[in-house]
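For reference, the structure discussed in these notes is given below.
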Amino acid sequence: MPALTVEDARIRAAAVDVHSYHLGFDLTVGAETFLAVSTIGFSASADSTFVDVKPDELLKVTFNGELVGVDALDDGRLPLSGLRAENELVVEARMQYSHDGEGLQRTVDAADDRVYLYGMSSLESAPRYFACFDQPDLKAQYQLSVKCPEDWIVLGNGPATRVKPGEWEIAETKPLSTYFVTLVAGPYHQISGEHDGIPLGLACRQSLKEHLERDKDDLFTVTAQAFDEYHRLFGYRYPFGEYHQVFVPDFNLGAMENPGCVTFADSMVFRSQVTAAERSTRARIVVHEMAHMWFGDAVTMKWWNDLWLNESFAEYMAHRVSNVTEHVGHWTDFAFVRKWWGLQADQRSSTHAVAPDAVKDARESLDDFDGISYAKGAAVLKQLVTYLGDEVFLEGVNAHIDAHEFGNADLREFIDTLTEGRRRRSAELDRAMVADVRPGHDPRPSQQHRDHLAA
Ligand SMILES: [Zn+2]
């Protein structure tokens, strides 16, 4: 199947504006497949485009009330022509559960044969479980309806409600990129909490229940302290409502920053005594995913070439903000573990610029999830903060979030915002200096101004 190129994405983003998805899932039809009905509302300014879907079997497609031949599907792309100003596409498909951690993953717990599902949509996995315009800069609001066994719970990017036994609704989300959409379903053990008006949740498979219960205070405390610090730094409250942290089986990465419903590898539910360093590392991963809620989720890169900025920012913020928790050693870890990861990645033939010039397609971008995009990039951001001064950096970040909330922005726009902040700050300092050299006053900069200039 062809991967989406930046050119494909640019043309499609100019052609369509996606408003809403309603995704209906029937998870009761067997162990191999499930049914997915994707209803997409979008406006268009071109005659044709395509939607991404990778089904086991495409059952029925209706476009603006007319049937579309399902044999038009070609290598994961369903062409659409005769677009109107406003359109409704309904795609009904039998989809396969995945077993490689991408798409809608289905795992049978070897401990007790219970079945657990979770959706993983990054980087190009969303069409493996629903039809969509799969690129970061086509954001839309999502509502989900889910049919599942009666003893399951369902979680997602918005508040989930059990409307009757075995039937759940997930309320409309904020605008999300396709790669953030998740659906968690199964007989998960769930623990609820609350902090500063934000409903909190932890969940894991039943066989890990006692271990998660033992660590719930640590996890909730780290989460609460990080929320307080992010609210203080960003001056912009967490925008996605509830905040669930779900520890899932057979996960490919450390964690995924799905807004409102972060998924973590359940190896992070400790099953025996662990070191203080392991607890610190887990706290940083919790705090890293939280940073993405602002930088990555509320404001998202336009294309994958800015992936490094997303990850470097979260990496930098995790090492900084974790210092408000009881866990220690964060900058030491950065200097002696994470930066080494970056240095080693830099010595390989696969090394690349932190901010790559070459724009890769959606699949090749996976190659850049490495020590350069995370740790070396975070070291560069740390230098930038020192160069600009913390106040200018945070003002720039906040202006960036305000200007692009629930939208997309690229590196150039971020740098422009920081540059503007720096210019404004310099002008303020110049005015303060001029005021200081009025007659009768010592013309030398005051210590306070020297401190500002050194920042
Ligand atoms: Zn991340």
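All figures in this text were calculated on a predicted structure; none of them were measured in a lab. In each ligand, atom 1 is the first atom listed, and ligand 1 is the first ligand listed.
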- With 2.8 Å as the limit, jot down which protein N, O or S atoms are around the Zn ion (ligand 1). H288 NE2, H292 NE2, E311 OE1
- Message: We want to know whether S426 and R423 form a side-chain donor-acceptor pair, criterion being a heavy-atom distance below 3.5 angstrom.
- Response: no
- Item | Polar contact flag, side-chain donor to acceptor under 3.5 angstrom, N408-T300 | no
- D113: side chain to side chain contact (heavy atoms under 4.5 Å, CB included) partners, not counting sequence neighbours: V108
- Who pairs with Q225 by side chain to side chain donor-acceptor pair (under 3.5 Å), at least two apart in sequence or on another chain? none
- To the nearest 0.5 Å, what is the distance between CZ (R425) and CG (L418)? 14.0 Å
- ring-ring contact (aromatic ring centres under 6.0 Å, His included) partners for F295, two or more places apart: F313, H400, F414
